[in-house]
Amino acid sequence: MFATQAISMVGTHLTSVAASLQIYHLTGSSVQVGLMSLVLGLSLLVGLVTGGLLADRVDRRKVMLVTRAVTAVVIAGLAVNAALPDPQVWFVFVAAVLAGFTAGLGGPALMAATPALVAPGQLAAAGALTTLTAQLGGMVGPSLAGVIAAGPGVAWCFAIDAAIYVVGLALLAPLPKLAPEGNAEAQHPLKAMGEGLRFLRGNQVVAGLLLIDVCAVVFAMPYALFPELGTEHFGGGPSTVGLLYTAPAVGSFFGALTSGWTGRVHHTGRALIGAVAVWGVAMTCFGLSPNLWFALAFLALAGLGDTASEILRRALLQHYTPDRLQGRVGSLWLAQATAGPSVGNVEAGLVARALGSSSGAVVVGGLVCLAGVGAVALAMPGLRKATLSRPPDGDGGGDDRAAPAETSPAAD
């Protein structure tokens, strides 16, 4: 699974960049590029909700294999289309819908498989490895896509990604059967989703994890303001804007490399609250920064806090969610991770327009984030007491909890 995720992150960026370049080349319109991203995002969200139900009904290994096989065919179709003398724009949009939906279908199963293969005490370490591969893919993939597109062409980007999916199938095939616990297959889909929502409402830890993430990504996500900040506030050009986007990724990568402590800390919930608070403080200080270098340092610190938060949130979510609900709860977490930053960027733009100051909007967002983190921490003592060092019984603040199994298929 780790090897599959590592190579898939590079492939995903190859296809994403190549599709954007191809759409712009064929239409000459940035609006069309944005529309493709919107279509992809919406189909991904629909796939995630459906995939959460599917992952709690059938063998998760089978879901991963089938969805990856379908996606490989779709990406191969993009390669063929791009190699034609007259590539069709409509096909790229159709492929975006299919690829987004199938990726969403398989995402919850992939996430739910981790706690079945990894001992509870190693969930944070597994999350750190996942985050590290994502950061590496984010740094290597786009640059590699640009080089390949400028050389052999975008068709090769798609072809390489399709080949990566096939390699991933070979890597995942030897996994043991990962059938979910419980009897979700006997439930009506709406009733099954309602069960997941009731669990979320009744478990302080899992609900707190989602709420505290909202504080960060909705109220303190200023990436949409970087072009204005780089040119107007810091008096630079495109290179300055590029540095603003790069700094959080550098901090995130360093945070992933030094994340061994996340698996050893006893008070996991308190550490998570602290990590999200670091994000809020860093963003507030970024908005107050008098020069570019201070700003870049605080953005890197924000990236470090964000990585620690993501690792701890993922581990706690998997630790405190019963196996029979892993797919549905995981799909909600993935859907929030997909839609939250987009909502946060829109919110940042609206606040900046209302205040007449992009830096002021960043400061306000950071302070609201800190206030929200404090409110969640006070209102949900179960989150403060959450830990990975013992079974979740008695810590979730709700009635629907189940301790992870003492053994896993991998251990067997």
Side-chain angles (χ1 to χ4, degrees), residues 1-2 5-6 9 111 114-115 117-139 204-206 208-213 215-217 220 247-286 296-321 330 333 337 366 369-370 373-374 376-377 380-392 395-396 403-404 408 410-411:
M1 281 184 59
F2 171 72
Q5 289 175 309
M9 289 307 302
M111 185 173 177
T114 301
L117 298 170
V118 176
Q122 294 179 319
L123 284 174
L129 287 172
T130 301
T131 302
L132 183 60
T133 60
Q135 297 301 329
L136 281 172
M139 290 189 292
Q204 283 192 5
V205 176
V206 178
L209 293 174
L210 297 180
L211 286 175
I212 205 167
D213 187 47
C215 296
V217 299
V250 172
S252 294
F253 183 66
F254 181 76
L257 286 177
T258 59
S259 60
W261 64 271
T262 57
R264 297 189 299 268
V265 63
H266 178 69
H267 299 291
T268 315
R270 296 177 189 175
L272 168 64
I273 293 168
V276 181
V278 167
W279 169 273
V281 170
M283 283 300 177
T284 303
C285 294
F286 163 62
L296 294 177
F298 285 121
L299 283 176
L301 178 62
L304 190 149
D306 182 50
T307 293
S309 166
E310 180 180 350
I311 293 169
L312 294 170
R313 278 185 293 113
R314 181 189 293 267
L316 285 170
L317 184 83
Q318 293 173 334
H319 186 59
Y320 278 82
T321 302
W333 190 81
C369 170
L370 289 172
V373 170
V376 172
M380 296 187 166
L383 180 62
R384 298 198 307 269
K385 299 175 183 177
T387 179
L388 296 172
S389 61
R390 63 176 182 269
D395 288 325
S408 65

Output the distance between atom CE (Met1) and atom OG1 (Thr133), rounded to the nearest 0.5 Å. 10.5 Å
Heavy-atom pair with the smallest gap, counting every atom of Leu312 and Trp261: CD1-CH2, 4.2 Å
Tell me every residue that passes side chain to side chain contact (heavy atoms under 4.5 Å, CB included) with Ser259, counting only those two or more places apart in sequence or in another chain. Ala128, Thr262, Ile311
All side chain to side chain contact (heavy atoms under 4.5 Å, CB included) counterparts of Thr130, not counting sequence neighbours: Gln5, Arg314
Residues Ala247 and Leu296: closest non-hydrogen pair is CB-O, 3.7 Å
Those residues that, when tested against Ser309, pass side-chain hydrogen bond (donor to acceptor under 3.5 Å, both in side chains) (two or more places apart): Arg313
Would you tabulate the side-chain donor-acceptor contacts of residues 299-307 under 3.5 Å, counting partners in other chains and residues two or more places apart, or write 'none'?
from	atom 1	to	atom 2	distance (Å)
Thr307	OG1	Ser252	O	3.2
Thr307	OG1	Ser252	OG	3.3
Thr307	OG1	Gly303	O	3.2

To the nearest 0.5 Å, tell me how far Leu211 CG sits from Gln204 CD. 10.5 Å
With no hydrogens and no angle check, is any side-chain donor or acceptor of Gln318 less than 3.5 Å from a backbone partner on Met111? yes
Restricting to non-hydrogen atoms, name the atom on Ala126 and the atom on Thr114 that form the minimum distance, rounded to 0.1 Å. CB-CG2, 4.1 Å
Could you tell me which residues satisfy ring pair (Phe, Tyr, Trp, His ring centres under 6.0 Å) with Phe286, sequence neighbours excluded, listed by chain and number? Phe226
Distance check, rounded to the nearest 0.5 Å: Thr321 atom OG1 versus Leu316 atom CG? 9.5 Å
Would Val205 and His319 count as a side chain to side chain contact (heavy atoms under 4.5 Å, CB included) if you check the C-alpha gap in whole Å, the side-chain angles of each, and the deciding distance to 0.1 Å? CA-CA 10 Å; Val205 176; His319 186 59; over 6 Å; no
N/O donor-acceptor pairs under 3.5 Å from side chains in residues 266-280, not counting sequence neighbours:
from	atom 1	to	atom 2	distance (Å)
His266	ND1	Ser389	OG	3.0
Thr268	OG1	Leu388	N	3.2
Trp279	NE1	Ala220	O	3.0

Sequence-distant partners of Leu210, side chain to side chain contact (heavy atoms under 4.5 Å, CB included), two or more places apart: Leu200, Trp333, Gln336
